[in-house]
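Take a look at the structure below.
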Amino acid sequence: MTGSLARDFYRRPSLEVAPDLLNKLVTVEDARSGRIVEVEAYCGPDDPASHAFRGPTPRNATMFGPPGHLYVYFTYGMHFCANVVCGEEGEAGAVLLRGLTPVAGLDAMRAVRPTARRDRDLCAGPARLCVALGIDRALDGADLVDGDRGVRVADDGTPPPAVPAVSGRIGLRVATERPWRFFVPGATGLSRPG
DNA sequence: TCTGCGATAATA
DNA sequence: ATTATCGCAGAC
């Protein structure tokens with residue numbers, strides 16, 4: 001029943017993949033896992049908010065690689081955020097993971113995120129979920145399909161919402177009006193209510 | 001519960 | 001200079 005998503009799942013534009021990623025599971029080596037409840041699509045060269053907008057650089061190299069890999073970047077001098085690379089190789093599409101419902105390994109998550117007051121805050125935010133799951137620079141480029149570095153995205157049979165909630169993306173100064181944030185309404189682990 | 005602000009360093 | 005953020009302080 002539960003298994004890694006196939007490569008072809010990711011071989012589509014990020015705007016198609018993003019809503020389909022809702023309710024899938026992210027798992028890491030030590031069995032910590034969370035259910036994806038909030039994502040944002042980034043559309044490569046067509047998207048002024050995308051790290052890929054100005055073409056390939058050392059930082060965004062993973063985005064320009066094959067789909068189904070993890071793109072991890074460092075920002076604000078202290079945070080890591082994680083994306084799933086989408087589209088054909090070279091398209092540089094990406095889906096940012098913004099919120100998870102903690103599913104397993106809650107004790108380990110609490111240990112690395114002592115500032116989370118409630119369990120619902122453990123993975124509520126793109127940088128928070130990276131800390132909770134132990135995702136950092138070392139996992140940039142990890143293959144989510146074969147799990148070469150322990151990180152996978154799996155389907156346990158829970159379908160995405162028939163009609164996902166949609167909004168503008170968060171934290172941007174450009175292209176804020178594009179409705180490319182998708183989330184499970186009312187879910188535990190959203191980075192913000194709506 | 002909400003709002004504003006400082007931290008902190010890689011990137012272009 | 002800017003940044004795909006977070007946690008704290010202070011106001012209600």
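A quick note: this is a predicted structure, and the numbers were derived from the prediction, not measured.
- Side-chain contact between Leu144(A) and Arg152(A) is absent, with no heavy atoms from C-beta onward closer than 4.5 Å.
- When rounded to the nearest whole Å, the span between CZ of Phe80(A) and P of dT3(C) equals 20 Å.
- In this entry the distance linking OH of Tyr73(A) with P of dA12(B) reads 14 Å, nearest Å.
- Salt bridge absent: Arg113(A) and Asp121(A) never bring a charged side-chain N and a carboxylate O closer than 4.0 Å.
- Of the residues in residues 163-183 of chain A, none has a non-hydrogen atom less than 4.0 angstrom from any atom of DNA chain B.
- Think of Leu172(A) as one node in a network of Ile, Leu, Val, Met, Phe, Trp and Tyr side chains linked at under 4.5 Å; its network also takes in Tyr42(A), Met63(A), Phe64(A), Tyr71(A), Tyr73(A), Val85(A), Leu96(A).
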When you compare the protein's N or O atoms with those of nucleotides 7-9 of chain B, which come within less than 3.5 Å of each other, and at what distance?
unit_1, atom_1, unit_2, atom_2, d
dT8(B), O2, Tyr76(A), O, 2.4
dA9(B), N3, Gly77(A), N, 3.4

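- Identified under the side-chain hydrogen bond (donor to acceptor under 3.5 Å, both in side chains) test for residues 126-150 of chain A, with sequence neighbours left out: Arg7(A)-Asp143(A), Thr62(A)-Asp140(A).
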I'd like a list of close polar pairs between nucleotides 1-3 of chain B and the protein, N/O only, cut-off under 3.5 Å.
none

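- At distances below 3.5 Å, not a single donor-acceptor pair connects side-chain atoms of Asn83(A) with backbone N or O atoms of Ala94(A).
- Side-chain atoms of Val153(A) and Tyr10(A), non-hydrogen and from C-beta on, do get closer than 4.5 Å to each other.
- Within the structure, every pair that satisfies the side-chain hydrogen bond (donor to acceptor under 3.5 Å, both in side chains) test and touches residues 20-31 of chain A, not counting sequence neighbours, is listed here: Arg12(A)-Asp20(A), Asp30(A)-Arg32(A).
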Original post:
Would you write out the dot-bracket form of DNA chain B, 5' to 3', with Watson-Crick and G-U pairs under 3.5 Å, [ ] for crossing pairs, | for pairs to other strands and . for unpaired bases?
Top reply: |||||||.|||.

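- Side-chain contact between Val37(A) and Phe183(A) is absent, with no heavy atoms from C-beta onward closer than 4.5 Å.
- You'll find the side chain of Asp156(A) reaches within 4.5 Å of the side chain of Arg35(A), heavy atoms only.
- When each of Ala116(A) and Ala82(A) is assigned the nucleotide of DNA chain C with its nearest heavy atom, Ala82(A) is the one assigned upstream, toward the 5' end.
- For the atom pair CG (Leu129(A)) and SG (Cys81(A)), the distance works out to 8.0 Å, reported to the nearest 0.5 Å.
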List the atom pairs, donor and acceptor, that lie under 3.5 Å between side-chain atoms in residues 163-170 of chain A and the rest of the protein, sequence neighbours left out.
unit_1, atom_1, unit_2, atom_2, d
Ser167(A), OG, Arg181(A), NH1, 3.0
Arg169(A), NH1, Ala41(A), O, 3.0
Arg169(A), NH1, Asp47(A), OD2, 2.7
Arg169(A), NH2, Asp47(A), OD1, 3.1

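- Here the side chains of Phe182(A) and Leu15(A) are in contact, with some heavy-atom distance below 4.5 Å.
- Residues His79(A) and Cys130(A) form no side-chain contact, since every pair of their non-hydrogen atoms from C-beta on lies 4.5 Å or further apart.
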Review item, nucleotides 9-12 of chain C N/O atoms under 3.5 Å of protein N/O:
none

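- Sequence neighbours left out, the pairs with a member in residues 73-88 of chain A that pass salt bridge (Lys or Arg N to Asp or Glu O under 4.0 Å) are Arg11(A)-Glu88(A).
- Regarding Arg192(A), its CZ atom lies at a distance of 14 Å from the P atom of dA4(C), rounded to whole Å.
- For residues 185-194 of chain A, every residue pair satisfying the side-chain hydrogen bond (donor to acceptor under 3.5 Å, both in side chains) rule, not counting sequence neighbours, is listed here: Glu38(A)-Ser191(A), Arg98(A)-Ser191(A).
- Between the CZ atom of Arg113(A) and the C1' atom of dT5(C) there is a distance of 11 Å, rounded to whole Å.
- Nucleic acid contact class of Ala127(A) (heavy atoms, under 4.0 Å, all strands): sugar-phosphate only.
- For the pair Val95(A) and Cys86(A), the tightest heavy-atom approach, listed with the atom from each and the gap, is CG2-SG, 3.7 Å.
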**OP:** Could you give me the CA-CA distance, side-chain angles and deciding distance for Val39(A) and Val84(A), then say whether side-chain contact (heavy atoms from CB on, under 4.5 Å) is met?
**Re:** CA-CA 10 Å; Val39(A) 297; Val84(A) 173; over 6 Å; no

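- Remark: Thr57(A), Arg59(A) in residues 53-66 of chain A come within less than 4.0 Å of DNA chain B through at least one heavy atom.
- dA4(C) atom C1' lies 14 Å from atom CG of Leu70(A), rounded to whole Å.
- For the side-chain contact (heavy atoms from CB on, under 4.5 Å) with Leu122(A), the qualifying choice from Thr101(A), Leu100(A), Leu106(A) is Leu106(A), the only one to do so.
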